[in-house]
Amino acid sequence: MRTSCDLYVQQRYCNKLQYPVKIKTPNAKLAKVIISQLGGPDGELAASLRYLNQRYAMPYGEVKGLLTDIGTEELAHFEMISAILYQLTKDLSMEEIKKSGFDTYFVDHTTGIYPVAASGTPFTATYFQSKGDIITDLSEDMAAEQKARTTYDNILRLADDPDVRDPIRFLREREIVHYQRFGEALRIAQDKLNSKNFYACNPAFDKNCGKV
């Protein structure tokens, strides 16, 4: 039997989540916490925009490709978090919404998916940076992945539903992998630059970078 993935194989699109999300028990209180990984300072939306914007200034093809790949994967993670939030808030009663403290979100968005932090602060582009400097950007990327990993650690400390913990663990593992990949990219960049000058010039901007 052909699946939707077979039908779209030429377009490289698969109509399913990167990792399954199958939550049976709604929990608005937990949704209020997890929503930070949708639109919070270390969330998936900020990560995707960070990498997909940084790639344009990257002078090395393999690093540009890495930013493209990880930035695209972060969009898949954004989709997973959205699915988690949808399933955690689906079919809630007004009593459950009030009791869980979800009413402050409900009044603005009902149970629609909207990128905010757990604090209630809406998503802002100030959460990420694109400096156009390969060393600066890759250093930020490594730090961003560690901060996201810490956020997932905190979510796991608060979540006891195995249906929620399972996809959150998967997302946490991907942050570690991304951190390692960005570390490799930073070494590639440093190897391609003059070792005495890779903190003194910007190969994406300075024409003679690495030759001084």
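Heavy atoms only: backbone and side chains are in, while hydrogens, waters and symmetry mates are out. Residue indices begin at 1 and follow the sequence shown. Just so it is clear, the model here is predicted, and its values are computed rather than measured.
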Take atom OH in Y60; do more than 12 heavy atoms of anything else shown fall under 6.0 Å from it? yes
Side chain proximity check, L67 to D141, heavy atoms < 4.5 angstrom: yes
Same apolar cluster: L75 and L17, side chain cutoff 4.5 Å: no
Distance in Å, N27 CG paired with Q87 CD, rounded so as to fall on 0.5 Å steps: 13.0 Å
CZ of R172 to CZ of R169: how many Å apart, nearest 0.5 Å? 10.0 Å
Beyond-backbone contact of E74 with E175, side-chain heavy atoms, under 4.5 angstrom: yes
Is there a donor-acceptor contact under 3.5 Å from the side chain of Q54 to the main chain of Q129? yes
Check whether M142 and I176 end up in the same hydrophobic cluster, where Ile, Leu, Val, Met, Phe, Trp and Tyr are linked by side-chain heavy atoms less than 4.5 Å apart. no
Of the non-hydrogen atoms in A117 and P41, which two are nearest, and what is the gap between them? CB-CD, 4.1 Å
Hydrophobic clusters here meaning ILVMFWY residues chained together by side-chain heavy-atom distances under 4.5 Å, can you tell me if F128 and Y56 are in one? no
Taking atom CD of Q18 and atom CE of M80, what is their separation to the nearest 0.5 Å? 6.5 Å
If I compare all heavy atoms of S100 with all of K32, which pair ends up nearest, and what's the gap? O-CD, 3.9 Å
For a 4.5 angstrom cut-off between non-hydrogen side-chain atoms, does Y51 reach M58? no
Test your reading of the model: is there a side-chain donor-acceptor pair from S139 to the backbone of I135, 3.5 Å cut-off? yes
Kindly work out whether a path of hydrophobic side-chain contacts (I/L/V/M/F/W/Y, heavy atoms less than 4.5 Å apart) joins L158 to L156. yes
How close do L38 and S82 get, heavy atom to heavy atom, and via which atoms? CD1-OG, 3.3 Å
In terms of heavy-atom contacts, P26 and L92 come closest through CB-CD2, 3.9 Å
Separation between CD (E145) and CD (E140), nearest 0.5 Å, reads 11.0 Å
Do T121 and Y127 come close enough that some side-chain heavy atom pair is under 4.5 Å? yes
Heavy atoms only: give me the nearest I23-D161 pair and the separation to one decimal. CG2-OD2, 4.2 Å
Rounded to the nearest 0.5 Å, what separates atom CG in D160 from atom CZ in R165? 8.0 Å
Contacts of type salt bridge (Lys or Arg N to Asp or Glu O under 4.0 Å), residue K24, not counting sequence neighbours: D163
So with a 6.0 Å cut-off around CZ of F123, is the heavy-atom count from everything else above 12? yes
Under 4.5 Å between any side-chain heavy atoms of I34 and V164, yes or no? yes
For side-chain contact (heavy atoms from CB on, under 4.5 Å), just list the numbers for T111 and Y86, CA-CA rounded to whole Å, side-chain angles, deciding distance to a tenth of an Å, and then say yes or no. CA-CA 8 Å; T111 55; Y86 172 73; over 6 Å; no
Whether Y114 and H109 hold their rings parallel, tilted or perpendicular, with breakpoints at 30° and 60°: parallel
Hydrophobic cluster identity match, F205 and L138, side-chain contacts under 4.5 Å: no
According to the salt bridge (charged side-chain N to carboxylate O under 4.0 Å, His left out) rule, which pairs have a member within residues 53-62, sequence neighbours left out? E62-K192
Spell out, as yes or no, whether a donor-acceptor pair under 3.5 Å connects the side chain of T151 to the backbone of K147. yes
Quick one: do the R187 and Q190 side chains pair a donor with an acceptor below 3.5 Å? no
Looking only at non-hydrogen atoms, find the nearest pair between L45 and P115 and report the distance. CD2-CB, 4.1 Å
Taking C-beta and beyond as the side chain, do T89 and F106 meet within less than 4.5 Å on heavy atoms? no
Rounded at 0.5 Å granularity, tell me how far CD1 in I81 sits from CD1 in I84. 4.5 Å
Could you tell me whether the side chain of T110 and the main chain of G112 form a donor-acceptor pair under 3.5 Å? no
